[in-house]
Amino acid sequence: MQLWRVSPVNGDLSEVPGIGPAAIKKLAEADPPITNTYQLFGKFLMLKGPDSDERKVTCLEHTERFWYYLKQRGITAHRSAIVKAIAEKAATFFAGIYDETEWDDEDDDEDDE
């Protein structure tokens, strides 16, 4: 994960830890399709809002929204790893968008029911 955080983004979805061929196919079939890493970051950033004067989207809520977005797109493996990878990389671009202390490493990809 450290190498991912410090390496330049090249746009290939397979560069994101946790994303393999099956996830790439499912993201490409999404509406709208996600075909590169930049679009995936864009989707992650879109889920940060909307904020209001009374309420701001928290880090935890933001990452949960992205986790559920991936679930809705049919990503069934490594969702939490993908969320963490995108959030940690985004934090290198946008200070304060992700707080590592709010991430529970014990989380798995099981749905809360």
Side-chain angles (χ1 to χ4, degrees):
M1 189 73 77
Q2 177 63 24
L3 182 60
W4 158 250
R5 281 195 302 264
V6 299
S7 298
V9 173
N10 68 27
D12 185 342
L13 282 168
S14 65
E15 73 182 317
V16 179
I19 293 187
I24 290 170
K25 183 175 189 253
K26 289 175 183 176
L27 289 168
E29 294 168 349
D31 183 27
I34 302 289
T35 59
N36 64 53
T37 308
Y38 306 107
Q39 292 170 326
L40 190 60
F41 276 111
K43 188 57 175 180
F44 175 75
L45 294 172
M46 287 176 63
L47 295 171
K48 180 65 176 158
D51 287 336
S52 68
D53 289 338
E54 297 83 34
R55 185 177 177 290
K56 304 283 186 207
V57 174
T58 67
C59 172
L60 182 59
E61 181 181 2
H62 181 204
T63 54
E64 286 178 345
R65 286 178 177 188
F66 190 56
W67 189 92
Y68 281 105
Y69 166 79
L70 294 172
K71 179 183 177 190
Q72 290 171 344
R73 296 301 165 270
I75 307 299
T76 56
H78 309 295
R79 266 194 309 265
S80 293
I82 296 166
V83 171
K84 188 170 185 180
I86 292 295
E88 287 188 5
K89 184 71 167 182
T92 68
F93 305 139
F94 305 100
I97 199 165
Y98 173 71
D99 181 356
E100 185 176 323
T101 63
E102 291 188 24
W103 183 267
D104 183 2
D105 282 333
E106 297 302 315
D107 282 352
D108 57 26
D109 284 335
E110 296 298 316
D111 297 338
D112 292 334
E113 300 200 28

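Atom set for the values below is all heavy atoms of this structure, side chains included, hydrogens, waters and symmetry mates excluded. The first residue of the sequence shown is numbered 1, and numbering continues consecutively from there.
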- Task: In sequence, state the C-alpha distance, the side-chain angles, and the governing distance for L70 and F44, and then conclude on side-chain contact (heavy atoms from CB on, under 4.5 Å).
- Result: CA-CA 10 Å; L70 294 172; F44 175 75; over 6 Å; no
- Query: Can you list the steps and then say if K89 with E15 is a salt bridge (Lys or Arg N to Asp or Glu O under 4.0 Å)?
  - Reply: CA-CA 12 Å; K89 184 71 167 182; E15 73 182 317; over 6 Å; no
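Listed by chain and number, the residues in a side chain to side chain donor-acceptor pair (under 3.5 Å) with T35 are Q39 (sequence neighbours excluded). Applying the side chain to side chain donor-acceptor pair (under 3.5 Å) criterion to Q72, with sequence neighbours excluded, gives no partner residue. With sequence neighbours excluded, the residues satisfying salt bridge (charged side-chain N to carboxylate O under 4.0 Å, His left out) with K25 are E29. With sequence neighbours left out, the side chain to side chain donor-acceptor pair (under 3.5 Å) criterion links E64 to no other residue.
A ring-ring contact (aromatic ring centres under 6.0 Å, His included) check over residues 11-42, counting only residues at least two apart or in different chains, returns the pairs F41-F93. Counting only residues at least two apart or in different chains, ring-ring contact (aromatic ring centres under 6.0 Å, His included) contacts with residues 18-37 are absent.
Screening N36, L13, V16, I34 for a side chain to side chain contact (heavy atoms under 4.5 Å, CB included) involving I24 leaves a single residue, L13.
How far CZ of R79 is from OH of Y68: 8.5 Å, rounded to the nearest 0.5 Å. Interatomic distance, I82 CD1 to I75 CD1, rounded to the nearest 0.5 Å: 5.5 Å. Note: K43 NZ to R65 CZ = 11.0 Å, rounded to the nearest 0.5 Å.
L47 places none of its side-chain heavy atoms less than 4.5 Å from the side chain of W67. Residues I19 and T37 are not in side-chain contact: their nearest non-hydrogen atoms beyond the backbone lie 4.5 Å or more apart. Taking 4.5 Å as the limit, every side-chain heavy atom of K26 sits out of range of all side-chain heavy atoms of R73.
Closest approach of N10 and D12 over heavy atoms only: OD1-N, 2.7 Å.
For the pair K48 (side chain) and H62 (backbone), a donor-acceptor distance under 3.5 Å is absent. Between the side chain of W4 and the main chain of P17, no donor-acceptor pair closer than 3.5 Å is present.
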